[in-house]
Amino acid sequence: MEKNVVRSRFKRVCVFCGSSTGKRDCYRDAAIELAQELEIGPCVRWGSIGLMGLVSQAVHRGGGHVLGIIPKTLMNKELTGETVGEVKPVANMHQRKAEMARHSDCFIALPGGYGTLEELLEVITWAQLGIHEKPVGLLNVDGYYNYLLTFIDKAVDDGFIKPSQRHIFVSAPNAKELVQKLEDYVPVHDNIISTLKWEVERQQPQQQ
C-alpha cells in the first residue's frame with residue numbers, strides 16, 4: 001500500500017540504538033514509530049536484538065531495505081533468532097563505523113547505552129570537524145537524553161563548544177518531528193576543515 005507522503009531526500013538512514021529493548025514500553029514504541037517513518041527509505045544498522053532488532057524488523061515489514069553491518073567477532077552475540085535484510089560482516093569496529101557512515105545519508109540515535117552514545121558523539125564530532133555534512137538526529141524519548149542535552153548546553157556556556165556548533169545535531173521527542181527536522185537541516189559551517197580536504201588526505205595513504 002502506497003503512502004501519500006512527500007518523498008524524503010534521504011536514501012539511507014543509519015540508526016544507532018541499544019542492543020537491549022530497555023525496561024519501559026515507550027522505548028519499544030519509539031523504535032517501531034521511527035521504523036514506520038523510515039519506510040521512506042532503507043535503514044542501515046547492526047544487530048538483530050533489542051531496539052536494533054525492532055527497528056530493522058519493522059522497516060523490513062514495511063518494505064524498506066535493511067543493511068546490517070557488524071564485526072565478525074560479534075555476529076554470534078548480536079545476530080540471534082530471525083535476521084532480516086542484508087548482513088555485511090566487517091573486520092572490526094572501526095571498519096563497521098566507517099562503512100555505516102559511508103552507506104548513510106543521515107544518522108539517528110534512539111535510546112541506548114555506551115555504544116549508542118559513543119557512535120552518536122563520534123558522528124557529531126565528524127560533522128564539527130567537517131568530515132561530513134550529514135544530518136544527525138537525537139530521538140529524545142520521554143526525556144531519556146535530557147541530561148546529555150543539559151551537559152552539551154553547559155559545555156556551550158563554559159566555552160568548550162561554540163554556540164553555533166550546538167546546532168550540529170537536532171533532537172525531538174517523537175519520530176515524526178525528528179524526521180522533519182532532519183529533512184530541514186542545514187549544515188553548520190564555522191571555520192571547519194572542508195570535506196574535500198579530508199577526502200584528499202584520506203586518499204593519499206592509499207596512493208602511496
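Formation of a donor-acceptor pair under 3.5 Å by the K97 side chain with backbone atoms of V123 is not found in this model. A distance-only check finds no donor-acceptor pair linking the side chain of R28 to the backbone of G50 [under 3.5 Å]. In terms of modelled atom types and a separation under 3.5 Å, the side chain of N140 and the main chain of Y145 share a donor-acceptor contact. A donor-acceptor pair is defined here as one N or O able to donate and one able to accept, closer than 3.5 Å; no such pair exists between the side chain of R96 and the backbone of V90. In this structure, the side chain of K181 engages the main chain of S171 through a donor-acceptor pair within 3.5 Å. A donor-acceptor pair under 3.5 Å is formed between the side chain of K134 and the backbone N or O of S104. Looking only at distances, a side-chain donor or acceptor of Q95 sits under 3.5 Å from a matching main-chain atom of A91. Proximity of a side-chain donor or acceptor of S56 to a complementary backbone N or O of G53 within less than 3.5 Å is detected.
Applying the ring pair (Phe, Tyr, Trp, His ring centres under 6.0 Å) definition to pairs two or more places apart or across chains, none involves residues 148-177.
Residues T73 and N92 have side chains not in contact (no heavy-atom distance under 4.5 Å, counting atoms from C-beta outward). Residues Q128 and K162 fail the side-chain proximity criterion, which asks for heavy atoms closer than 4.5 Å. In this structure, I108 and L178 have side chains that are in contact, with non-hydrogen atoms separated by less than 4.5 Å. When side chains are defined from C-beta on, L149 counts as touching R166, because their heavy atoms get closer than 4.5 Å. Here the side chains of R12 and R102 are not in contact, with every heavy-atom distance at 4.5 Å or above. When side chains are defined from C-beta on, Y114 does not count as touching E119, because their heavy atoms never get closer than 4.5 Å. Side chains of V136 and L120 form a contact here, defined as non-hydrogen atoms less than 4.5 Å apart. Residues V156 and D158 are not in side-chain contact: their nearest non-hydrogen atoms beyond the backbone lie 4.5 Å or more apart.
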Show the numbers, then the answer: is there a side-chain contact (heavy atoms from CB on, under 4.5 Å) between L110 and V15? CA-CA 7 Å; L110 277 159; V15 180; 4.1 Å; yes
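Take D105 and apply the side-chain hydrogen bond (donor to acceptor under 3.5 Å, both in side chains) test, not counting sequence neighbours, and it matches no residue. With sequence neighbours excluded, no residue forms a side-chain hydrogen bond (donor to acceptor under 3.5 Å, both in side chains) with K176.
Annotation for G18 and T116: closest pair N-OG1, 3.6 Å, computed over non-hydrogen atoms. The nearest pair of heavy atoms linking F16 to M100 is CE2-CE, 3.8 Å.
Atom NZ in K88 sits 14.0 Å away from atom CD1 in I70 (nearest 0.5 Å).
Aromatic ring orientation, Y144 versus Y27: perpendicular (interplanar angle above 60°, classes split at 30° and 60°).
Cluster membership for I32 and L139, using ILVMFWY side-chain heavy atoms within less than 4.5 angstrom, is not shared.
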